[in-house]
Amino acid sequence: MRVLITGATGFVGRWTVAACLEREHEVGALVLPDDPVTLSEEVALFRGTLEQPPWEAIDAFAPDVCIHSAWVTTPGKYMTSPLNVSFEAWTRSFLVHIMKRSVQRVVGVGSCLEYAMSEEADQARAPYVQCKKRVRTFLESEAEAHGVEWVWARIFFPFGEGEPPGKLLRSIVETLLRGERFPVYCPDAVRDYIAVQDVGWALAMLTDSPTSGDMDVGSGRPITVKELALCIAEVLGMNPMDVFEWGNRSDSLQLPTANPERISEAGWAPRISIHEGIRRLIRSLE
């Protein structure tokens, strides 16, 4: 099966590429013109942007499936970035084009932030969340109009090897490795963390799964930020009393944990534990 992946050099995209190759798919990747790519030599590279894809080369590749993960994801900036509106427009145009060509299935990458409990919360009203929601609705409508299968995979909190600077776990690990104390402002916030390798494996499995529609990609197991921080200290062999400062801020997001029931129908279950994922992250940063 020929799989086209956008955002293939990103945090999630790289592991998605690796998982697709593991499943013996032919993989093509849309990458930026100046991206210093370090993907496998087995991957066909299509230099361009989501706004101006190299359609002639992509059409010649004739992908059967597209995994669309390209989006603005810079930690601390992506929620309110004006680029969200641009990515929504570029995505709509891109999806229409590929559905008119060879693609028979589209796997769109959404976010657990779409589940923000309160519509009044800043996160729920953020451009990132609103644009993702509109793209999901557009994907369903256009896929049905073109007779194309569709999946909307809502990713929960991926972590691990390859985390970009600014993400929580990497920030904790780097701070502790420098011998500094880390302030945990919302220790009681509940999250659903999932190893990024498992996210890549899930997206790869969804390329040839008979299951379509909305999917949650998460462990289904809640963990507090404090418990997560304690896991990091344990793996590093550090005394939490010496390395953390505990705050008492409340959690404004109040997100549910993932419901992995539908994606488990595709044969997926997490393979990497929190502790193992943390060990891999630490090894990559030491």
Side-chain angles (χ1 to χ4, degrees), residues 11-12 15 73-80 110-118 120-126 128-129 154-200 202 216-260 269-286:
F11 177 42
V12 169
W15 295 106
T73 58
T74 307
K77 298 180 180 180
Y78 71 95
M79 288 290 285
T80 58
S111 168
C112 65
L113 294 174
E114 297 171 56
Y115 289 132
M117 294 294 192
S118 172
E120 298 304 315
D122 289 341
Q123 294 90 340
R125 293 180 288 140
Y128 174 82
V129 175
R154 292 189 178 93
I155 311 301
F156 276 66
F157 289 85
F159 76 97
E161 186 178 348
E163 266 192 35
K167 285 186 71 68
L168 178 62
L169 270 72
R170 176 169 176 169
S171 296
I172 294 175
V173 170
E174 289 180 329
T175 300
L176 270 53
L177 288 176
R178 291 196 301 267
E180 302 171 7
R181 293 172 67 86
F182 188 90
V184 182
Y185 297 114
C186 301
D188 296 326
V190 176
R191 298 288 183 263
D192 186 336
Y193 275 89
I194 182 76
V196 67
Q197 292 93 334
D198 281 332
V199 174
D216 286 356
V217 181
S219 70
R221 296 186 291 271
I223 184 171
T224 66
V225 172
K226 182 174 183 177
E227 290 170 329
L228 195 66
L230 293 175
C231 285
I232 294 173
E234 179 185 345
V235 174
L236 286 172
M238 296 181 176
N239 186 338
M241 298 287 289
D242 298 332
V243 296
F244 293 121
E245 298 173 1
W246 305 109
N248 59 3
R249 293 183 188 174
S250 60
D251 180 20
S252 61
L253 270 179
Q254 300 180 21
L255 290 171
T257 54
N259 180 354
R271 297 185 291 186
I272 299 176
S273 68
I274 290 286
H275 279 78
E276 176 59 25
I278 289 172
R279 279 191 285 269
R280 296 185 186 195
L281 171 61
I282 290 171
R283 283 198 299 268
S284 71
L285 295 174
E286 286 179 326

Checklist entry - Checking side-chain contact (heavy atoms from CB on, under 4.5 Å) for the pair F156/V199: CA distance, chi angles, key distance, verdict? => result CA-CA 9 Å; F156 276 66; V199 174; over 6 Å; no
Let me confirm one number: the [atom1]-[atom2] distance from [X] to [Y], rounded to the nearest 0.5 Å.
{"X": "F159", "Y": "I278", "atom1": "CZ", "atom2": "CD1", "value": "5.5 Å"}
{"X": "S284", "Y": "R170", "atom1": "OG", "atom2": "CZ", "value": "7.5 Å"}
{"X": "E227", "Y": "I274", "atom1": "CD", "atom2": "CD1", "value": "10.0 Å"}
{"X": "L236", "Y": "L176", "atom1": "CG", "atom2": "CG", "value": "6.0 Å"}

Can you check whether [X] reaches [Y] side chain to side chain, under 4.5 Å on heavy atoms?
{"X": "W246", "Y": "K226", "value": "yes"}
{"X": "E234", "Y": "H275", "value": "yes"}
{"X": "R271", "Y": "Q197", "value": "no"}
{"X": "C186", "Y": "V225", "value": "no"}
{"X": "V196", "Y": "V12", "value": "yes"}
{"X": "L255", "Y": "F157", "value": "yes"}

If you look at every heavy atom in [X] and [Y], which pair is closest and at what distance?
{"X": "Y128", "Y": "S111", "value": "OH-CB, 3.5 Å"}
{"X": "G160", "Y": "L281", "value": "O-CD1, 3.4 Å"}
{"X": "G220", "Y": "P260", "value": "CA-CD, 4.2 Å"}
{"X": "G166", "Y": "P75", "value": "C-CB, 3.8 Å"}
{"X": "S219", "Y": "P270", "value": "CA-CG, 4.0 Å"}
{"X": "F11", "Y": "G162", "value": "CD1-O, 3.3 Å"}

Item to check | L228 and Y193: CA distance, side-chain angles, deciding distance, side-chain contact (heavy atoms from CB on, under 4.5 Å) verdict | outcome: CA-CA 9 Å; L228 195 66; Y193 275 89; 3.5 Å; yes
Next on the checklist: Can you tell me how the ring of F244 sits relative to the ring of F182, calling it parallel under 30°, perpendicular over 60° and tilted otherwise?
Outcome noted: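 Rings of F244 and F182: perpendicular, as their planes differ by over 60°.
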Checklist entry - Between W15 and A195, is there a donor-acceptor pair closer than 3.5 Å when you use the side chain of the first and the backbone of the second? => result no
Item to check | Matching residue for D216 among D192, N259, I194, I155 - test: side-chain contact (heavy atoms from CB on, under 4.5 Å) | outcome: N259
Checklist entry - Within a radius of less than 6.0 Å around CG of N239, do more than 12 heavy atoms belonging to other residues, nucleotides or ligands occur? => result yes
Next on the checklist: L113 vs R154, test: side-chain contact (heavy atoms from CB on, under 4.5 Å). Steps then yes/no.
Outcome noted: CA-CA 8 Å; L113 294 174; R154 292 189 178 93; over 6 Å; no
Item to check | Sole residue of T224, T257, D251 in side chain to side chain donor-acceptor pair (under 3.5 Å) with R191 | outcome: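 The option that passes is D251.
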Next on the checklist: Just to verify, what does E245 make a side chain to side chain donor-acceptor pair (under 3.5 Å) with, not counting sequence neighbours?
Outcome noted: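 Residues passing side chain to side chain donor-acceptor pair (under 3.5 Å) with E245: R181.
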Item to check | Stepwise side-chain contact (heavy atoms from CB on, under 4.5 Å) test for I272 and R280 | outcome: CA-CA 10 Å; I272 299 176; R280 296 185 186 195; 3.3 Å; yes
Checklist entry - Any Lys/Arg nitrogen of R279 or E286 sitting under 4.0 Å from an Asp/Glu carboxylate oxygen of the other? => result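 Result for this pair is no, no salt bridge flagged.
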